[in-house]
Amino acid sequence: MSEIKEGSSTRNWRTSVGGHIDGKAVVRGYPLDDLVGNVTFAEAIYLVLKGELPTERERKIMEAMLVACIDHGIGPPSVVSARTVFSGGNPLNAAVAAGVLTLGDHHGGAIEQCAKVYQEQLSDDVTDVKVHARKVVNDFAQKKKRFPGYGHKLYKRDPRTLRLLELAKEYGFANRFVEFAVAIQDCLEADSGRPLPLNVDGMIAAIISEMGISWKNGKGIFIIGRIPGLVAHVVEEWNREKPFRRLEEGSYDYDGKPLRAVPQKKASS
Ligand SMILES: CC(C)(COP(=O)(O)OP(=O)(O)OC[C@H]1O[C@@H](n2cnc3c(N)ncnc32)[C@H](O)[C@@H]1OP(=O)(O)O)[C@@H](O)C(=O)NCCC(=O)NCCS
């Protein structure tokens, strides 16, 4: 059991997340057994990430963001991977970890990149958010880069974004960053002439920026929200499906070389 000691050697591992004080387990200074039964899971998540307990409106928006991440059907890469790895005969933890490993720039990971852009670009001295959005979109277009947090395979408008936007307004989190996020969507759509909606990743990126949560937590928040969904998919795979799932013949195309004969090796002299 590690005690927090004044002036301990800098060679020691350090943490301000949790430890033991006078033999009592603490998380960010609060006794863990007092947190149990007194705070919700979302409040505890906010506490470990941000260092303080949330206010009531912070708690409500945190709950809403985590619920928005929880599942999005069997189709996304994370669920296909988790179920496939389980189907190959691996344990639940390996299958869920495989699902988490797919969360990258195009799936879930966009929160981190998008919040980084918002937090680095929208400094306090920006006076006109819409004019600045136009400048930032032009910079991305010049570099031929996709704007993280925009676009969706299924939606012209992401329903999760619309609901979170409604709640952000209700709880007082629809300020400069949210205005910037929506202005970027307007610029991207005006330039491309196609729907490029602010997706759930982009909306969460804007809200955490409003809340003063560093972009470095972005991917983590998605992972925390999506893991219960991944666990549910793996347990369902376990209960309902036979092992060794594979693509059925006829559901994929082979477009390689036609059938051909293997060259015969010349007999050595
Ligand atoms: C999510 C995503 C993969 C969906 O892609 P899609 O709807 O299948 O779109 P496509 O990959 O077919 O792209 C269609 C066009 O839109 C453009 N486009 C798509 N998303 C774009 C974005 N975020 N920024 C700029 N242009 C984008 C593509 O460049 C492409 O243009 P082109 O036809 O001139 O080459 C894509 O929008 C994307 O990469 N978004 C950024 C990452 C992100 O936010 N992921 C989280 C998803 S919830």
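Counting convention: from 1, in listed order, for ligands and their atoms alike. For this chain, numbers begin at 1 and follow the sequence in order.
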Where is the nearest protein heavy atom to atom 24 (N) of ligand 1: which residue, which atom, and how far?
Phe147 N, 2.9 Å
Could you find the nearest protein heavy atom to atom 12 (O) of ligand 1 and give me its residue, atom name and distance?
Arg146 NH2, 4.9 Å
For atom CD of Glu52, is the number of surrounding heavy atoms from other residues, nucleotides or ligands below 6.0 Å larger than 12?
no
Is Arg160 paired with Asp158 through a side-chain N to carboxylate O contact shorter than 4.0 Å?
yes
Give the atoms of ligand 1, by number and element, whose distance to some non-hydrogen atom of Ala110 is under 4.0 Å.
43 (C), 44 (O), 45 (N), 46 (C)
Report, in ascending order of atom number, the atoms of ligand 1 lying under 4.0 Å from any heavy atom of Gly149.
43 (C), 44 (O)
Under 4.0 Å from ligand 1, counting heavy atoms only, is it the side chain of Asp158, its backbone, both or neither?
neither
Which residue owns the protein heavy atom closest to atom 45 (N) of ligand 1, what's the atom, and how far is it?
His106 O, 3.0 Å
I'd like to know whether ligand 1 has Lys145 as a neighbour, heavy-atom separation below 4.0 Å.
no
Side chains of Arg245 and Thr84: is there a donor and an acceptor less than 3.5 Å apart?
no
heavy-atom search around atom 8 (O) of ligand 1 in the protein gives Lys153 NZ, 2.8 Å
Distance-only N or O hit between ligand 1 and Leu188, under 3.5 Å
no
Glu248, CD atom: more than 12 neighbouring heavy atoms under 6.0 Å:
no
Going by a strict under-4.0 Å cutoff (protein heavy atoms only), does atom 35 (O) of ligand 1 have a neighbour on the protein?
no
Honestly curious: do Trp215 and Phe180 fall in one hydrophobic cluster under the side-chain, below-4.5 Å linking rule?
no
Does atom 18 (N) of ligand 1 have any protein heavy atom closer than 4.0 Å?
yes
Atom 7 (O) of ligand 1: closest protein heavy atom, distance to 0.1 Å, is His152 O, 3.4 Å
How about His72 and His107: are their ring centroids closer than 6.0 Å?
no
Give the numbers and elements of all ligand 1 atoms closer than 4.0 Å to a heavy atom of Gly151.
1 (C), 37 (O)
Hey, does Asn199 sit under 4.0 Å from ligand 1 if you only count heavy atoms?
yes
among protein heavy atoms, the one nearest atom 41 (C) of ligand 1 is Tyr150 O, 3.4 Å
Go through the side-chain N and O atoms of Glu58 and Tyr46 and say whether any donor and acceptor fall under 3.5 Å apart.
yes
Which residue and non-hydrogen atom of the protein lie closest to atom 32 (P) of ligand 1, and at what distance in Å?
Arg194 NH1, 4.0 Å
Between Glu56 and Arg59, is there a salt bridge with N-O shorter than 4.0 Å?
yes
Nearest non-hydrogen contact with atom 42 (C) of ligand 1 belongs to which option: Leu196, Thr161, Asp105, Leu103?
Asp105
Given side-chain hydrogen bond (donor to acceptor under 3.5 Å, both in side chains), test Ser87 with Glu241 step by step and report yes or no.
CA-CA 8 Å; Ser87 185; Glu241 307 298 340; over 6 Å; no
Are the charged groups of Lys135 and Asp139 less than 4.0 angstrom apart, N to O?
yes
Intermediate values then yes/no, side-chain hydrogen bond (donor to acceptor under 3.5 Å, both in side chains), His233 and Asp71:
CA-CA 9 Å; His233 276 283; Asp71 181 56; 2.9 Å; yes
